[in-house]
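Order of listing sets the numbers, starting from 1, for every ligand and every atom in it.
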Amino acid sequence: MSSNAVSPVRLVVLISGNGSNLQAIIDNIANHNLPAQIVAVISNKADAYGLERAKKAGIEQHVLSHNNFTNRQQYDLALKELIDQYQPDLIILAGFMRILSNEFVEHYSHKMMNIHPSLLPKYKGLNTHQRAIDAGDKKHGCSVHFVTPELDDGPVILQAKVKVEEDDTAETLAKRVHEQEHLIYPKAIRLFAENKIKTS
Ligand code: GRF
């Protein structure tokens, strides 16, 4: 055994839907492009397709429905307890459609990443593709950032740009942005795994 073997970074991935970013991470790990291990996938929605992807990849999965909790604090506490059972090094938000409480976010300071479909600080929140088209932007894209209490506001780790074409609709533009998301999210996680992100 080599003495300098690096142990893979332990990831917990949170999803609410399709999980194509989750799939990109699964594929990069399978192709030995990413020194990481997904130790659990957690969804707040039972019908999230990403759960199927996790199952196919043999990853432990949980549904923690927000409908079973009376307030955000309670939900976030249960989520934190579930996550921490897995002792992750990094939490990955991959289309997790929930606002997180400050306490939860601060618990994972510089240990939780999100991917957002815009060139932050532009277009925080929803409908980013249509907003970029309406503003007449020539460039649009996506950003991976650390999560801080303010929505879509934390330090940016990586961005990818795409050209906005004259005849783009929100759908055609979203498709090209998504392709870039699948490249930069695994890349950002690799930077973290290799200790190449400065956090102070
Ligand atoms: C992506 O567009 C991401 O930028 C946003 O949510 C979407 C998730 O897509 N945060 P998927 O579930 O990974 O396919």
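Within 4.0 Å of ligand 1, counting heavy atoms only, the contacting residues are N18, G19, S20, N21, G95, I115, H116, P117, H178, E181.
Taking a cutoff of 4.0 Å between a charged side-chain nitrogen and a carboxylate oxygen, K175 and E179 qualify as a salt bridge. Of the charged side-chain nitrogens involved, at least one lies within less than 4.0 Å of a carboxylate oxygen, so that K124 and D153 count as a salt-bridged pair.
In summary, the side chains of H182 and S20 do present a donor paired with an acceptor at a separation below 3.5 Å, with no hydrogens or angles considered. Y123 and D137 share a donor-acceptor pair across their side chains, judged by distance under 3.5 Å alone. Checking H145 against H116 by side-chain atom types alone, no donor-acceptor pair falls below 3.5 Å.
Within the model, atoms CD1 of I92 and CD1 of I42 stand 12.5 Å from one another, a figure rounded to the nearest 0.5 Å.
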